[in-house]
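My structure is below; once you've seen it, I'll send some questions.
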Amino acid sequence: MGIVIFLLSVSLLVAIFFLCVYIWGVKSGQFDDDYSPAHRIFFDDKIEPKSKNK
Amino acid sequence: MVEDKLIATCYHCGDECDTEPLRVADKSFCCNGCMNVYQLLHQNELEDYYCLNQAPGQKIKSVPLEKFAFLEEVTVIQKLLLFRNEQQAQVSFYLPQMYCSSCLWLLEHLSELDKNIIGSQVNFNTKTLKVTFQIEHLSLRALAELLARIGYEPVIDIYEDKAEKDKYNSKRAYLKLGITGFCFANIMLIAFPEYLGLDPETQPGLALFFKIANVLLALPVVFYGAREFFVNAWYSYRQRYLNIDAPIALAVAVTFGRSLYEVWSNTGAGYFDSMSGIVFFMLLGRTLQNRSYTTLRFNRDYKSYFPVAVSRIEDGKKVLIKLEEIETNNVLMIHHQEVIPTDCLLSKGNAKIDYSFVTGEDKAEWIDKGAVIYAGGRNVGAAIEVLTVKSFSQNSFTQLWNSSVFQKQVDDKESRITLISKYFSLAVLLIAMGTFIAWQFIAPAIAWKAATAVLIVACPCSLLLTSSFTNGYLLERLARVGCYLKNARVLEQMTRIQHIAFDKTGTLTAANASGLKIDKMILEAEELDAVLYALSQSLHPLSRAIVQHYQYQEHNYRTVTIKEIPGAGIEAWAEDKHYKIGNALFARGTAEVNSNDTRVYVTVDGVLKAQYSFEVALIPGAAVLIKKLSAEYELSLLSGDNDASRQYLEGVFGKTSKLSYNMKPAEKLYYIKQVQESGKQVMMVGDGLNDAGALQQSDVGVAVVKSAFAFSPACDVIMEAEKLRFLPQFIAWAKGGKRLITAGFIYSLLFNIIGLGFAVTGNLSPLVAAILMPSSSLGIILIAYLGVRHMARLNA
């Protein structure tokens with residue numbers, strides 16, 4: 001039956017790891033804005049540096 | 001060519017170009033403002049803005065030159081900057097205009113527009129833009145003006161109460177929810193073997209492990225997750241009333257205590273799973289219900305309407321001062337479009353003052369030099385100089401806000417759920433005591449066990465769950481269709497409404513459309529000019545409407561003798577012609593026969609040459625709305641305007657409604673108060689600052705706005721103007737929500753009764769509790785969700 005204790009401990013540890021990731025995610029503000037990051041990724045970077053009006 | 005012109009829409013803002021469109025390359029623009037933005041973006045190679053969405057821009061409103069002058073004042077700059085060192089500074093602006101990915105793109109490419117901007121980042125949910133810039137080279141004012149120039153005029157409110165804004169911290173709620181959910185799920189998982197028949201006698205090691213793990217996992221649930229219930233219960237105890245959190249805190253405490261005891265005395269596994277489940281679901285419901293609209297402001301006060309700072313003239317120099325610093329006998333400079341901050345005398349310039357803020361009447365008044373100008377008026381003419389006669393805090397306008405209604409504090413003492421929970425808790429306590437006493441006679445050993453089981457199983461959690469989930473879903477539904485409620489309590493207030501008061505201008509009628517129709521026009525150009533000149537000298541609202549329609553600019557080209565006869569019309573003599581402008585009896589000599597609209601006739605030497613009619617331009621659906629509401633509610637109309645529309649609106653409102661005209665803001669407030677004193681719950685529907693007092697006094701104040709993020713006075717509900725016609729449905733939804741809560745509550749009562757049966761007989765095992773609890777909670781959530789979905793549908 002020791003294996004049950006071992007497996008449960010491991011599953012608990014994995015769960016705690018994910019909880020920590022979630023806490024980090026909330027604290028670092030990843031849930032604050034659900035619009036801009038999703039759209040920002042579509043914007044093209046400007047490849048050529050601006051030259052005309054400097 | 002002609003067709004092309006008809007369908008031309010502005011490349012920048014998408015509005016139809018009604019006059020000759022301005023053209024650059026192959027693009028057309030509705031106004032100079034829009035074209036300038038395009039050219040600016042074009043020059044800086046930012047045309048991608050237009051590729052992401054079609055016509056993403058905002059129609060450019062001209063921003064008064066001095067509007068952002070206050071951003072040069074050191075204290076203001078200090079207050080606004082988030083961060084500053086020698087080279088750079090960071091500021092956060094609230095830009096309610098942003099709405100699409102083009103906005104996002106442009107605002108994050110600000111650095112291309114001005115090389116002094118280092119970077120900018122958008123938070124779309126709060127509609128804020130954080131800009132890092134070189135403050136040595138680009139002043140805060142210039143930055144704000146740049147944003148205004150591309151159509152994103154920042155809304156700056158330096159008086160805003162930061163504490164009020166951060167009251168509800170969503171981050172903390174998410175953390176709490178996550179951690180409680182984690183503990184709940186794992187406790188369930190670990191408790192499972194016990195239900196499947198794990199025998200502690202044969203597996204002592206395993207049983208001990210489970211117990212220790214469960215106790216450890218339950219600790220954060222009780223001391224972190226359920227903390228707010230204990231805190232609220234303590235507050236309610238201190239204020240000597242019973243809120244819903246008190247019995248819940250008691251139930252959680254009893255459950256936790258008993259479970260600890262069981263584990264310690266080795267008599268059972270405890271009820272950790274049921275307890276953490278309940279706490280988790282309750283937190284989930286609360287989070288759903290309290291999710292606030294971070295971008296909406298419900299608590300604005302009068303200060304938001306005034307300029308942040310004004311220019312005072314000291315020894316011939318302009319000095320910017322804050323409003324609080326205004327004293328009597330100061331000389332102030334009031335620019336075009338600025339609001340007069342305090343009562344004063346006009347000392348220089350010709351003033352044209354628009355008091356629509358205060359009175360709701362849509363017309364500007366000419367003020368002579370030396371005359372009094374009251375606070376709250378807006379200078380619509382050229383810049384003027386005024387001499388203050390009162391300090392800012394004592395002016396006639398802000399006095400209204402010092403009245404007690406603006407300090408009212410609402411608590412949840414009378415809320416329905418508090419009331420029910422009171423009786424509910426009382427009943428539970430009585431049953432628990434009865435059980436305890438009864439078992440004392442039968443088998444004293446299990447008396448404690450049975451009594452605590454009663455408290456565990458019959459906690460009013462389900463009551464809280466039904467109301468928070470139903471309200472949460474309902475608030476979200478309402479927000480989706482353009483009706484934003486301040487909080488869940490407003491829903492309850494809405495079900496009690498008996499009387500509805502409406503503002504007129506801006507709420508029921510369009511703000512600026514006078515509803516002028518030209519029925520006949522055979523005046524010569526010269527004659528028309530004379531007529532308009534005569535009308536422009538009159539203050540009568542109908543005269544003004546006609547003058548406005550022709551956009552007549554006054555020029556003294558000849559002598560016109562004018563005589564105004566009040567209540568009849570105007571007589572004028574110009575170049576041997578005799579003009580009569582006025583009502584039928586006056587101009588034509590015959591009285592008007594039955595008409596729904598107001599008419600103005602123009603005769604030249606006795607010949608009818610022009611005829612105008614005015615219809616009251618109700619917003620679409622308003623007449624139907626009023627008719628629908630009048631069947632169920634008492635209605636009244638509170639208008640700051642003159643009673644030109646009385647006859648027409650009496651027809652719309654019906655005989656039983658009371659229409660009041662020429663109401664000052666304080667009179668509106670007083671009117672609401674009077675209705676309330678007759679024992680009625682009043683809803684006030686208004687839009688402007690002149691309704692602010694009434695909105696605050698009423699039980700439900702509804703502010704009608706052009707768009708949800710536009711400026712609105714303090715209120716309980718913010719509603720988009722075109723959604724006003726759905727008001728009866730919104731009230732019906734609130735009432736339906738009340739029924740759903742009752743239904744959910746009855747459903748959960750069934751489970752409570754079954755559970756009580758087990759508890760009273762001393763048979764409540766953790767397994768029974770663990771089955772009853774989730775089935776009751778999930779059932780409630782389903783009833784709330786499906787019920788709201790089914791009920792809250794818009795029928796146009």
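Proteins come first, then strands; the chains are lettered A, B, ... in the order of their sequence lines, and each starts at number 1. Being a predicted model, the structure only gives us computed values, none of them experimental. FYI, side chains are in, hydrogens and waters are out, and symmetry mates aren't considered; it's all heavy atoms of this structure.
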Handout entry: Heavy-atom contacts under 4.5 Å, residues 181-188 of chain B to chain A
Key = B:F182, B:N186
Can I get a per-line list of side-chain donor-acceptor pairs under 3.5 Å for residues 11-25 of chain A, giving both atom names and the distance, sequence neighbours left out?
residue, atom, partner, partner atom, Å
A:S11, OG, A:L8, O, 3.0
A:Y22, OH, B:Y174, O, 2.8

Practice task
Name the region of B:L189, side chain, backbone, both or neither, that has any atom closer than 4.5 Å to a heavy atom of chain A.
Solution key: side chain
Completion exercise
d(B:N123 CG, B:K130 NZ) to nearest 0.5 Å is 8.0 Å
Problem - Verdict with reasoning, B:F93 to B:Y152, per ring pair (Phe, Tyr, Trp, His ring centres under 6.0 Å) - result: CA-CA 10 Å; B:F93 281 129; B:Y152 299 94; over 10 Å; no
Exercise for the section: Just jot down the side-chain contact (heavy atoms from CB on, under 4.5 Å) partners of B:S259, sequence neighbours excluded, or say none. Expected result: B:T255, B:Y271, B:F272
Completion exercise
salt bridge (charged side-chain N to carboxylate O under 4.0 Å, His left out) filter on B:R227, not counting sequence neighbours, yields none
Exercise for the section: Output yes when a side-chain donor or acceptor of B:Y49 lies under 3.5 Å from a complementary backbone atom of B:Y38, and no otherwise. Expected result: no
